[in-house]
Amino acid sequence: MEQGPEYGLVDLDEAETPGDEWEEIDVSDTEADRIARKRDREFEQFEERIKDADQFKVEQSVFDDATFAALYKLVQDGHVEAFGGPISTGKEANVYHALGDDREVAVKVYRINASNFRQMRDYLEGDPRFEGLGGKKKDVVLAWVKKELANLRRAKTAGVTVPEPIAAERNVLVMEYIGDEDGRAKRLGEVHVENPQTAYEVLREYMRRLYAAGLVHGDLSEYNVVFHDGQLVVIDLGQAVTVHHPNSREFLERDCRNVAAFFSRQGLEVTEDELFEYVTRPDPETSGE
C-alpha cells in the first residue's frame with residue numbers, strides 16, 4: 001500500500017529560540033499616515049491608479065487615504081511591485097494576490113471602518129503586549145495588524161509552518177502567498193486527507209510548539225490550516241494570544257475541541273482532553289519513538 005503524505009514537519013533543530021514574550025508593539029502613526037497628510041503629486045497619482053484598477057474599485061468606499069498611502073509605502077519599499085486580484089474577501093479584511101520582490105505575495109488589507117472592533121478587543125485586552133491601548137478603533141485595528149505580524153514571526157521561529165511574514169504598514173500586512181497558478185492553497189476542510197494520522201500528529205505538534213513559544217492560536221480548525229506542497233500550513237494568526245492572556249486556556253480548549261472533532265470525523269480515535277494534555281506538556285513523547 002502506498003504511504004500517504006508526510007506533511008513536511010519542520011525539524012525543531014532548524015528552528016530558532018522563540019522570541020521574547022514581552023516584545024513591545026508600537027501602534028503610533030506610521031509613515032503611511034504622514035504620506036497621506038502630505039499628499040504629494042506622486043502619491044496622488046498612485047492613489048488614482050489604484051482606484052481605477054478593477055480589483056480595487058469596490059473598495060473605494062472603505063479604503064481611506066491612509067490605506068492607499070500604506071500600499072504606496074509598501075511599493076516604495078519594494079515589498080510589492082504589482083497588484084493582482086482578490087484571494088479572499090471578508091468583513092474585516094480583503095486579501096490580494098500580488099507580485100513582490102521576485103516572488104508572489106499576499107497583501108492583507110484590514111478595513112478600519114468595517115472591522116469587528118469589539119471582537120478584536122477581546123483578543124487584545126489581557127495581552128501584555130498591548131497594555132495601555134486606547135479605545136480608538138483605528139488604534140485597535142493597527143494593533144491587530146502589528147500583532148498578526150509578530151505572531152507569524154514567533155510561530156515561524158518556533159518551527160511552525162506559517163506564511164512567511166514580510167512587512168506591515170498601518171492596516172496592511174504583506175506575507176508569503178500560499179498557492180500556485182491554480183489559486184490559493186486549499187483548506188484542510190476542503191480536501192481529502194489521505195493520511196489523517198500523520199496530519200493529526202503534525203498539527204498537534206505545531207499546536208505544542210506554538211504553546212511552548214507562548215502562543216495560543218485561538219481560532220484553530222480545519223479552515224485555518226491549508227495543504228500546500230505536501231505541507232500543512234497554519235494561517236490566520238491575527239487573533240493568537242499569549243499564554244498570559246486571561247482567556248488563553250479557554251481559547252486553547254476550543255482549539256483542541258475543533259481539531260479533535262475534525263480528525264474524529266476522519267476516523268481517528270482522538271479526544272480534546274488528550275490533545276490538550278499533549279499540547280501543554282513540556283516534553284511530550286514523540287509518537288512512534
Side-chain angles (χ1 to χ4, degrees), residues 5 7-10 14-15 32 46 49-50 53-59 63 67-68 70-111 115 144-191 199 202-203 206 210 217 219-240:
Y7 299 107
L9 182 63
V10 174
E14 299 176 1
F46 170 85
R49 288 198 304 272
I50 293 294
D54 289 339
Q55 65 267 40
F56 288 103
K57 283 183 178 177
V58 296
E59 302 301 334
F63 280 18
T67 299
F68 287 113
L71 296 172
Y72 175 73
K73 180 66 166 54
L74 290 165
V75 170
Q76 280 190 322
D77 291 345
H79 299 303
V80 179
E81 294 182 358
F83 290 99
I87 298 172
S88 64
T89 58
K91 294 180 180 179
E92 297 179 353
N94 285 5
V95 183
Y96 296 93
H97 189 198
L99 179 64
D101 184 13
D102 295 327
R103 60 175 168 174
E104 294 175 282
V105 297
V107 180
K108 190 171 188 177
V109 182
Y110 280 94
R111 293 175 285 184
S115 295
W144 188 269
V145 176
K146 295 274 190 177
K147 177 173 180 267
E148 185 163 6
L149 181 71
N151 288 344
L152 284 169
R153 285 174 173 166
R154 184 179 296 190
K156 191 170 184 65
T157 297
V160 179
T161 304
V162 296
E164 179 185 350
I166 297 172
E169 183 65 41
R170 198 175 183 270
N171 56 320
V172 182
L173 173 66
V174 182
M175 57 190 155
E176 175 188 6
Y177 171 68
I178 307 296
D180 53 30
E181 62 275 4
D182 295 326
R184 66 165 176 82
K186 297 294 185 182
R187 295 179 173 90
L188 197 58
E190 298 173 330
V191 300
V202 169
L203 188 53
Y206 282 161
L210 280 176
H217 187 285
D219 192 28
L220 192 62
S221 73
E222 64 270 27
Y223 299 107
N224 282 329
V225 180
V226 300
F227 179 68
H228 179 65
D229 278 349
Q231 292 185 317
L232 297 182
V233 184
V234 180
I235 62 171
D236 292 338
L237 273 80
Q239 74 293 317

Where the side chain of [X] meets the backbone of [Y], is there a donor-acceptor pair that is under 3.5 Å apart?
X: Asn224; Y: Asp219; answer: yes
X: Asp77; Y: His79; answer: no
X: Lys147; Y: Gly238; answer: yes
X: Gln239; Y: His217; answer: yes
X: Asn151; Y: Ala240; answer: yes

Would you name the heavy atoms of [X] and [Y] that are closest together and state the gap between them?
X: Arg170; Y: Ala70; answer: CB-CB, 4.1 Å
X: Tyr96; Y: Pro86; answer: CD2-CA, 3.7 Å
X: Tyr110; Y: Asn171; answer: O-ND2, 2.6 Å
X: Met175; Y: Pro165; answer: CB-CA, 4.3 Å
X: Phe68; Y: Phe46; answer: O-CE2, 3.5 Å
X: Tyr177; Y: Arg184; answer: OH-N, 3.3 Å

Are a donor atom and an acceptor atom from the side chains of Asn94 and Thr89 found within less than 3.5 Å of each other?
no

Heavy-atom check, side chain of [X] versus side chain of [Y], under 4.5 Å:
X: Val75; Y: Phe83; result: yes
X: Val172; Y: Val107; result: yes
X: Tyr223; Y: Arg187; result: yes
X: Leu237; Y: Val162; result: yes

Just how far is it from atom [atom1] of [X] to atom [atom2] of [Y], taken to the nearest 0.5 Å?
X: Glu190; Y: Leu188; atom1: CD; atom2: CG; answer: 9.5 Å
X: Ile235; Y: Ile178; atom1: CD1; atom2: CD1; answer: 9.0 Å
X: Ser88; Y: Asp236; atom1: OG; atom2: CG; answer: 8.0 Å
X: Trp144; Y: Glu92; atom1: CH2; atom2: CD; answer: 6.5 Å

Between Leu99 and Val105, does the side-chain contact (heavy atoms from CB on, under 4.5 Å) criterion hold? Intermediate values first, please.
CA-CA 6 Å; Leu99 179 64; Val105 297; over 6 Å; no

Is the closest basic N to carboxylate O distance between [X] and [Y] below 4.0 Å?
X: Glu148; Y: Lys108; value: yes
X: Glu169; Y: Lys146; value: no
X: Glu164; Y: Arg153; value: no

Passing option when Val234 is tested against Leu203, Leu152, Thr161 for side chain to side chain contact (heavy atoms under 4.5 Å, CB included)
Leu203

For a side chain to side chain contact (heavy atoms under 4.5 Å, CB included) with Val233, tell me which candidate from Val225, Val160, Val226 qualifies.
Val226

Give the C-alpha distance, both sets of side-chain angles, the deciding distance and a yes or no for side-chain contact (heavy atoms from CB on, under 4.5 Å) between Val174 and Val80.
CA-CA 8 Å; Val174 182; Val80 179; 4.1 Å; yes

